[in-house]
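Per chain, numbering begins at 1; letters A, B, ... match sequence-line order. Side chains are part of it too, since the values below use all heavy atoms of this structure and drop only hydrogens, waters and symmetry mates. Small disclaimer: the values here were computed from a predicted structure and weren't measured.
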Amino acid sequence: MLAAEMASEMKLNSTNPLFALVDVNNFYVSCERVFQPKLEEVPMVVLSNNDGCAVARSAEVKALGVKMGTPWFQMQELAKKHGIQAYSSNYTLYGDMSSRVVQVLKTFTPNLEVYSIDESFLQIETVLKQYQDTIELGQQIKGQVKDTTGLPVCVGIGASKTLAKLANHLAKKHKQFAGVCDVNAMAKEELYQWMSETEVGDVWGVGRQIARKLKAQDIQSVFDLLQASPQAMRQQFGVVMERLCYELHGTSCLQLEEVAPAKQQIIASRSFGKPVLNQAELAQSVATHVARAAEKLRGQNSTTGALTVFIQTNPFKPNEPQHHQSITMPLAESTDNTLTLTNAALAGLKKIYQPNFRYKKAGVILNLIGDKPMMQQSLFEDVESKGRSAHLMKAVDQINTRFGNAVIRSAAAGTNATKQEWQMRSSNKSPNYTTRWDELPVAR
DNA sequence: TCTGGGGTCCTAGGACCC
DNA sequence: TCTGGGGTCCTAGGACCC
């Protein structure tokens, strides 16, 4: 290599970002263990709402082959055989522990993105000079978090977020890394070796579907994916996949997001422990969900212009009659008022509720995009038989009965009605089409 | 009998406008 | 009335994440 090239490469390296991903091991399980040290080494799981399924597994349970999301009732025998203990989840506790971890991480660098309840990305190239090397920094982070919170973490380091994720995966899986892995400092040959031993499905952003399609073309390992042309991957899977390929090559495409953007939607929903058969009980649960959602809404200083209510029967019981329905209620003006939202939600529920179904889940969604009233119509019932126009008409009818002068956005989309028939009025200032039911034409 | 609760981004394709 | 290109806006649905 020429001196000039080397110099330019050095310069490039000095400004290139370096990411560390800090991830708590078996987060929920580890939280429980902090407060009950006797659970250390005990095979255990933390269960979802209603103690339905395992949402966290200790290392011992993972080793037994128990998958994430396994229903608790399905692992009864295994639990008995291996003495697996189960705990109900305590999200308040986990949230608190999570922020303590973040506080510790912020003492290393303010350039930090809280990615999930148990993971943060740190941008570390600027603070590196205070340490011997990246491994030293990683070990310091790991030690500090453990000393301060009692929680075990692994640290993965790489030139892109995707590589940091991969490094974290290696640190978790292979003991010889002692919890800290830097794929950036690795010799190329070694990295490629690890990559060829790691399944392509383990890459951040490659889910089940894409992994299946990749494997069908004999792209089995991360290394195989690295060999593929990003352009070809884009052709097949889209731009997200292309970015992912570049990231694997060490070109950072995904930036650190230090300020969490405001949510675009807020969901509050729950499954019922046992089937619910009447509207009154559904109403009660919906009201609770609205209250929670409204709290979250105020928490981020937003208002919402529309609210979706949905109710569902149990999809795991295909032999029972299924009823999945939702309705979006536009609001006269954007609000964060619990009472207003509750009234709209209950009115919506009244419209979609049908007796003689065994309901398993209810929830509400607040749509916040642009703070504008927003309509999303999705009534699933009878779509096939009635066709789309009839379907839409019914939706419009339902809303209009309640609101008289309904705000309908894009109501004409997907129907056979022409522009003249619909006579929609719109302007740039008000992107919503306002119309009345009695002005709507009959769908053909 | 018992199967979580959140979120995001992207694409395809229709309606519409000029 | 027909044809058509270029562009925007919108929704549904798929795929992914923890």
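A salt bridge does not link A/E197 with A/K173: every distance from a Lys NZ or Arg NE/NH1/NH2 to an Asp or Glu carboxylate oxygen is 4.0 Å or more. Salt bridge annotation for A/K274-A/E281: absent, with no cationic side-chain nitrogen under 4.0 angstrom from a carboxylate oxygen.
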Please report the C-alpha distance between A/E320 and A/T313 in whole Å, then the side-chain angles of each, then the deciding distance to 0.1 Å, and finally whether the side-chain contact (heavy atoms from CB on, under 4.5 Å) criterion is met.
CA-CA 8 Å; A/E320 285 185 5; A/T313 51; 5.9 Å; no
Secondary-structure notation, DNA chain C, from Watson-Crick and G-U pairs under 3.5 angstrom (| other strand):
....||||||||||||||
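Within residues 95-122 of chain A, the residues that have a heavy atom under 4.0 Å from DNA chain C are, in order of number, A/Y115, A/S116, A/D118, A/E119. Proximity of residues 208-222 of chain A to DNA chain C (heavy atom under 4.0 angstrom from any strand atom) is restricted to A/R208, A/Q209, A/I210, A/K213.
At the heavy-atom level, A/V24 lies nowhere under 4.0 Å from the strands shown. A/W204 comes within 4.0 angstrom of the backbone, heavy atoms only, and of no base. Within 4.0 Å of A/K165, counting heavy atoms only, lie sugar-phosphate atoms of the nucleic acid but no base atom.
Cation-pi contact between A/K161 and A/F121: present, with separation from the ring centre below 6.0 Å and deviation from the ring axis of at most 45°.
Of the N and O atoms on the side chains of A/E32 and A/Y94, at least one donor lies less than 3.5 Å from an acceptor on the other residue. Counting only N and O atoms by type, the side chains of A/S160 and A/S252 include no donor and acceptor under 3.5 Å apart.
For the C1' atoms, the distance linking C/dG4 with B/dC17 amounts to 13 Å, nearest Å.
Listed by first then second residue, pairs satisfying ring-ring contact (aromatic ring centres under 6.0 Å, His included) with a partner in residues 70-90 of chain A number zero, not counting sequence neighbours.
Two rings, from A/W194 and A/H174, have their centers less than 6.0 Å apart.
No option in A/N337, A/T342, A/D336, A/N343 other than A/N337 meets the side-chain hydrogen bond (donor to acceptor under 3.5 Å, both in side chains) test with A/T340.
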Donor-acceptor list for residues 220-243 of chain A side chains, cut-off 3.5 Å, not counting sequence neighbours:
from	atom 1	to	atom 2	distance (Å)
A/Q220	NE2	A/D218	OD1	3.1
A/S221	OG	A/F223	N	3.3
A/S221	OG	A/D224	N	3.1
A/S221	OG	A/D224	OD2	3.4
A/D224	OD2	A/Q220	N	2.9
A/D224	OD2	A/S221	N	3.0
A/S229	OG	A/Q231	N	3.3
A/S229	OG	A/A232	N	2.9
A/Q231	NE2	A/Y246	OH	3.1
A/R234	NH1	A/E242	OE1	2.7
A/Q236	OE1	A/Q217	NE2	2.5
A/Q236	NE2	A/Q217	OE1	3.4

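With a 4.5 Å cut-off on side-chain heavy atoms, A/V153 and A/D23 do not count as touching.
Here the closest heavy-atom approach between residue A/V180 and residue A/G138 is recorded as CG2-C, 3.6 Å.
Counting only distance, with no hydrogens or angles, the side chain of A/S89 and the backbone of A/L47 share a donor-acceptor pair below 3.5 Å.
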Under a 4.0 Å heavy-atom criterion, the protein footprint on nucleotides 4-10 of chain B, written with B, S and -, is BSSSBSS
